[in-house]
Amino acid sequence: MTATYKTVGLIGKPDHKDANVTIEVLADYLLANNYRVLIENSVAKSVSIEGYSKHSLTEIGELAELAIVVGGDGYMLGAARVLSCYNVDVIGVNRGNLGFLTDLSPDELIVPLTQILAGKSHCEQRFLIETSVYRHGKLKSSNSAVNEAVLHAGKVANMIEFEVYIDDTFMFSQRSDGLIVSTPTGSTAYSMSAGGPILTPNLNALSLVPMFPHTLNSRPIVVDGDSVIKLVLAQDNNEHLQVSCDGHVILSVMPGDEVVIKKSTSTLRLIHPLGHDYFNVLRSKLSWGNKLY
């Protein structure tokens, strides 16, 4: 069968011994099978391979048909926010802990990779969200997130006040430690830890999960994925407010600011091996199969 990929980008966690070993195994296999191999700059300096070219993450997005990310879910999130802007397929090799986004095991790598390179795989589109901060009607900052956007105070256990609007319709006001707005992809991450629902990846939905609300009747809610969510910060909040995107990118927020969260125009083209079963992933990662007694 004719392979669907000719140029493959390798991205890994810099200065991570196990990730470097996996990168070298992948590069040796790909070069031996006449694939063009692009290695991301930050990891290229720590691997001993010949026959590849060094590129930035954006260049890999532009040039490669397949990007293989070696690391944990956190490293995958950082790469995914960039790669989602390009028409490149992405698959992960798990060198982290849970590995909800990284399907391939470093111990059983070559057989499923060979099938994927031959076009025997399943492609899943995961949508991202875009978060924008407005002050006096002017855009101050913005960024994207694969998992979630979290409004919170800069200090731990510091109550903040805000209003929530869905498509410009008032939803509720709240005093709490903050609010998590999660995609289906992020529903098994921070949102789940805060008591939010698990959303299957095929859903066009967003969940809003209050963080330690100062009321007993505040509950998570799921809204349509095409909704525009607006958070209006009360004027009497302190000045140390933030919106965290995937826990990596921090946007500063001031009292009176408006935070607008909506679906991004970019999507992540996530590749899975044939036979991938999302519910099997949940059973495995969340220990659903353990005996109760």
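- A donor-acceptor pair is defined here as one N or O able to donate and one able to accept, closer than 3.5 Å; such a pair exists between the side chain of Asp246 and the backbone of Glu148.
- Counting non-hydrogen atoms of other residues, nucleotides and ligands closer than 6.0 Å to NZ of Lys285 gives a total above 12.
- For the pair Leu104 and Pro273, the minimum side-chain heavy-atom distance is below 4.5 Å.
- Counting heavy atoms from C-beta outward, Val209 and Ser182 have side chains that stay 4.5 Å or more apart.
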Checklist entry - Would Val37 and Val8 satisfy side chain to side chain contact (heavy atoms under 4.5 Å, CB included), going step by step from the backbone distance to the final call? => result CA-CA 5 Å; Val37 176; Val8 180; 5.5 Å; no

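- Between Asp89 and Tyr5 the shortest side-chain heavy-atom distance falls below 4.5 Å.
- Within the structure, the side-chain hydrogen bond (donor to acceptor under 3.5 Å, both in side chains) test picks out the following pairs touching residues 195-213 (sequence neighbours left out): Thr200-Asn202, Asn204-Asp226, Asn204-Lys263.
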Next on the checklist: Applying side chain to side chain donor-acceptor pair (under 3.5 Å) to Glu40 and Ser42, what does each step give before you reach the verdict?
Outcome noted: CA-CA 6 Å; Glu40 201 266 326; Ser42 63; 2.3 Å; yes

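- Side-chain contact between Thr185 and Asn147 is present, with at least one heavy-atom pair separated by less than 4.5 Å.
- Between the Ser176 side chain and the His214 main chain, no donor and acceptor come within less than 3.5 Å of each other.
- For the pair Thr102 and Val93, the minimum side-chain heavy-atom distance is 4.5 Å or more.
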May I have the list of side-chain donor-acceptor pairs in residues 72-79 shorter than 3.5 Å, sequence neighbours left out?
unit_1 : atom_1 : unit_2 : atom_2 : d
Asp73  : OD1    : Phe100 : N      : 3.3
Asp73  : OD1    : Leu101 : N      : 2.8
Asp73  : OD2    : Phe100 : N      : 2.7
Tyr75  : OH     : Gly12  : O      : 2.8

Checklist entry - When you look at Thr22 and Leu26, which way does the side chain to side chain contact (heavy atoms under 4.5 Å, CB included) test go after all the steps? => result CA-CA 6 Å; Thr22 300; Leu26 288 167; 4.0 Å; yes

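- Between Pro220 and Pro197 the shortest side-chain heavy-atom distance falls below 4.5 Å.
- Ser121 places no side-chain N or O within donor-acceptor distance of the main-chain N or O of Leu117, the cut-off being under 3.5 Å.
- Taken from CD1 in Ile129 to CG in Asn143, the straight-line distance is 11.0 Å, to the nearest 0.5 Å.
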Item to check | Trace of the side chain to side chain contact (heavy atoms under 4.5 Å, CB included) decision for Leu286 with Ile198 | outcome: CA-CA 11 Å; Leu286 302 181; Ile198 295 177; 3.8 Å; yes

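- Distance check: Thr188 OG1 to Tyr278 OH gives 5.0 Å after rounding to the nearest 0.5 Å.
- Of all the heavy atoms in Ala205 and Val222, the pair that sits closest is CB-CG1, 3.7 Å.
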Review item, side-chain donor-acceptor pairs of residues 152-171, under 3.5 Å, at least two apart:
unit_1 : atom_1 : unit_2 : atom_2 : d
Glu161 : OE2    : Arg175 : NE     : 3.1
Glu163 : OE1    : Tyr165 : OH     : 2.8
Asp167 : OD1    : Val228 : N      : 2.8

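- In this structure the side chain of Leu268 reaches within 4.5 angstrom of the side chain of Leu128, judged on heavy atoms.
- When the shell of 6.0 Å around CZ of Phe127 is examined, it contains more than 12 heavy atoms from other residues, nucleotides or ligands.
- In this structure, the side chains of Val259 and Leu233 come closer than 4.5 Å at one or more pairs of heavy atoms.
- A donor-acceptor contact shorter than 3.5 Å is absent between the side chain of Ser284 and the backbone of Asn280.
- Note: Leu30 CG to Ile110 CD1 = 7.5 Å, rounded to the nearest 0.5 Å.
- When all heavy atoms are compared, the tightest approach of Ser144 to Glu130 is CB-OE1, 3.5 Å.
- The environment of NE2 in His122 is crowded: more than 12 heavy-atom neighbours from other residues, nucleotides or ligands sit within 6.0 Å.
- For the atom pair Ser191 OG and Leu199 CG, the distance stands at 7.0 Å (nearest 0.5 Å).
- A donor-acceptor pair is defined here as one N or O able to donate and one able to accept, closer than 3.5 Å; no such pair exists between the side chain of Asn237 and the backbone of Pro255.
- Under the 3.5 Å distance criterion, the side-chain polar atoms of Ser227 are left unmatched by any main-chain donor or acceptor of Ile229.
- Glu59 contributes a side-chain N or O that, together with a main-chain N or O of Ser56, makes up a donor-acceptor pair within less than 3.5 Å.
- Put simply, CD1 on Ile116 and CD1 on Ile68 are 7.5 Å apart, with the number rounded to the nearest 0.5 Å.
- Annotation: the span from Ser264 atom OG to Arg81 atom CZ amounts to 12.0 Å, rounded to 0.5 Å.
- At distances below 3.5 Å, at least one donor-acceptor pair connects side-chain atoms of Thr183 with backbone N or O atoms of Val146.
- Between Ala67 and Leu83 the shortest heavy-atom distance is CB-CD1, 3.9 Å.
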